[in-house]
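Step one of this worksheet: look at the structure below.
This structure is a prediction, so every number in the text was calculated from the model and none was measured.
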Amino acid sequence: MSASELTQLEFDQQHLWHPYTNVTQPGPTFVVKESQGVHLTLDDGCQLIDAMSSWWCMMHGHRNPRVTRAMHDQLDRLPHVMFGGLTHDPAINLGRKLLEITPERLTRIFYCDSGSVSVEVAMKMAVQYQHAMGFPGRSQFATVRSGYHGDTWKAMSVCDPDTGMHHLFQGALSVQHFVNRPPIRLNQDWNDDPAQNGLAELRNVLESNKDKIAGFILEPVVQGTGGMYFYNPEYLNQARAICDELGILLIFDEIATGFGRTGEMFATDFCTVEPDIISLGKGLTAGHISFACTMTNDRVAEGIGGGNPGIFMHGPTYMANPLACVAALASLELLTEQDTRATVSGIADQMTTELAPAQALPKVADVRILGAIGVIEMKHRVSADQAHGLAREMGVFLRPFGKNIYTMPPFITTPDQLTQITDGMLRLAREL
């Protein structure tokens, strides 16, 4: 049968490669015809609640009128222009807004294409800074196990080397330095003993390799794809002091946690310190168009400028795309004009109540909630394909990963819709 004779779904299954799939054994796939608010409308008219915020980015729901209106208006004026030697109001206005809401010392903004690329940019910044400071040997990185930082080449090198999605590439990736993930959880009291809180191991690795390590990169407070693990922010406060002592830059990957998802505007806000570099993405445009940015402080930016070659060696074609900039500005205005903290707190309270029965299920290892993140951790790996197969019955699209059945619902999700999501999670925990 020729490609032209295939149905839409048949063509998809025979020719389009989806993320993390086996092309010889494609799982259940839905053809989405339209989206609005929290709902995805399929080709047969069935509606599913997007409990994943389409991989955690659709904070304000699909086709948010304010975001789409800003994009429509910009499309008629300036959809794209190169950022080399040129600038434009959307980039400048977005920059002003970012400085209002991000940590105070992060004053330099580098726009880029996606979350993975923003991590690549952060790592390049760290290496270039160390080189400019007279430490060309500092080109490696330290990180914590169970982390995830993206699918591009350098970002993969700081994902978990043994249990992460990219472990099979370890022989081809840059060699990095790993410590165990912070052992004290978010809801546990801090233990000042460095042997118990993970800081003794961190200090040992950083001190032993200080002439090789440019930066220490990790996801603050919440490890996302690596296990939906929440840890005590005091680890970050004290890691900051160790990094400063040894001349190592501290990098926070806030791609998943930024823009209100944890209940704070940034997970960094749980800390009393700031990173040297931060990577932002996903919710930046509320999921309406791919975009990300990497922000740093004057010390790093001016240090790179004073080195050789004096310019930062990165320049994406679609950097500062005006359509993405206006979408991001509209999204951030929505976040700050509304009481997002109260909204997310309400989601957290409801999920805490409604997911509590999962604790008694025999196959459940743990239940945890932080902000608009709800997780049922199972004692076994859970099949996303099996979960997809139940989506139509439940009216909810959930995509478990590893041992975790989780949701990151849009902030506009109503209590009734959230109950439908938590009911679906409980059903998966019972049946899968």
Side-chain angles (χ1 to χ4, degrees), residues 37-40 47-61 184-189 221-225 227-233 256-257 259-267 269-270 283 335 338-380 382 384 387 390-391 393-432:
V38 303
H39 286 106
L40 306 173
Q47 284 197 326
L48 304 178
I49 295 175
D50 184 358
M52 313 308 294
S53 292
S54 280
W55 264 337
W56 323 347
C57 61
M58 281 286 182
M59 302 179 304
H60 307 306
I184 300 179
R185 292 178 178 251
L186 182 62
N187 60 355
Q188 294 176 326
D189 292 334
V221 181
V222 176
Q223 288 188 309
T225 303
M228 295 295 170
Y229 175 78
F230 311 153
Y231 64 90
N232 196 302
T257 54
F259 308 114
R261 178 57 67 180
T262 63
E264 299 290 342
M265 183 62 74
F266 299 98
D269 296 337
F270 285 94
L335 275 181
Q338 302 170 2
D339 193 348
T340 300
R341 185 192 297 265
T343 297
V344 172
S345 177
I347 291 172
D349 289 345
Q350 185 176 343
M351 288 197 297
T352 299
T353 299
E354 295 182 352
L355 292 180
Q359 296 277 14
L361 297 177
K363 295 184 287 187
V364 170
D366 190 26
V367 178
R368 48 190 180 270
I369 291 94
L370 176 63
I373 308 171
V375 185
I376 300 175
E377 181 182 342
M378 306 298 288
K379 296 176 181 177
H380 61 277
V382 183
L390 295 172
E393 286 183 46
M394 300 188 302
V396 178
F397 182 78
L398 289 158
R399 186 178 173 87
F401 183 81
K403 296 181 179 181
N404 296 306
I405 300 166
Y406 72 95
T407 181
M408 290 194 184
F411 297 165
I412 64 167
T413 305
T414 67
D416 287 346
Q417 291 165 343
L418 189 56
T419 295
Q420 196 171 345
I421 292 172
T422 56
D423 284 348
M425 294 174 68
L426 291 171
R427 178 174 177 180
L428 295 185
R430 291 191 297 266
E431 297 184 15
L432 299 189

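Residues Leu428 and Pro400 approach most closely at CD1-CG, 4.3 Å, considering heavy atoms. For the pair Ile369 and Gly374, the tightest heavy-atom approach, listed with the atom from each and the gap, is CG1-CA, 4.1 Å. Taking every heavy atom of both residues into account, Ser53 and Pro410 meet most closely at OG-N, 3.0 Å.
The line from CE of Met425 to CD of Glu354 is 11.0 Å long, rounded to the nearest 0.5 Å. Rounded to the nearest 0.5 Å, atoms OG1 (Thr422) and CD1 (Ile405) are 12.5 Å apart. The CG atom of Leu335 sits 4.0 Å away from atom NE2 of His60, with the distance rounded to the nearest 0.5 Å. Taken to the nearest 0.5 Å, the CG atom of Leu426 stands 12.0 Å off from the CD1 atom of Ile421. Taking OG1 of Thr407 as the reference point, atom CE of Met52 lies at 6.5 Å (rounded to 0.5 Å). Here the CD1 atom belonging to Ile376 is positioned 9.0 Å from the CZ atom belonging to Arg430, to the nearest 0.5 angstrom.
No donor-acceptor pair closer than 3.5 Å links the side chain of Thr413 to the backbone N or O of Leu418. Distance alone, capped at 3.5 Å, is enough to place a donor-acceptor pair between the Lys379 side chain and the Pro362 backbone. The closest donor-acceptor contact from the side chain of Thr352 to the backbone of Ala348 lies under 3.5 Å. Proximity of a side-chain donor or acceptor of Gln420 to a complementary backbone N or O of Met394 within less than 3.5 Å is detected.
Annotation: side chain of Met228 is not in contact with side chain of Phe401 (no heavy-atom distance under 4.5 Å).
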**Q.** Intermediate values then yes/no, side-chain contact (heavy atoms from CB on, under 4.5 Å), Tyr231 and Leu186
**A.** CA-CA 4 Å; Tyr231 64 90; Leu186 182 62; 5.9 Å; no
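Under the ring pair (Phe, Tyr, Trp, His ring centres under 6.0 Å) criterion, Phe266 pairs with Phe259, sequence neighbours left out. When the salt bridge (Lys or Arg N to Asp or Glu O under 4.0 Å) test is applied to Asp349, no partner is found at least two apart in sequence or on another chain.
A donor-acceptor pair shorter than 3.5 Å cannot be found between the side chains of Glu264 and Thr257.
Residue pairs satisfying the side chain to side chain donor-acceptor pair (under 3.5 Å) criterion with at least one member in residues 357-367, sequence neighbours excluded, are listed as follows: Asp366-Arg368.
Counting heavy atoms of neighbouring residues, nucleotides and ligands inside a 6.0 Å radius, atom CG of Asn187 exceeds 12 of them.
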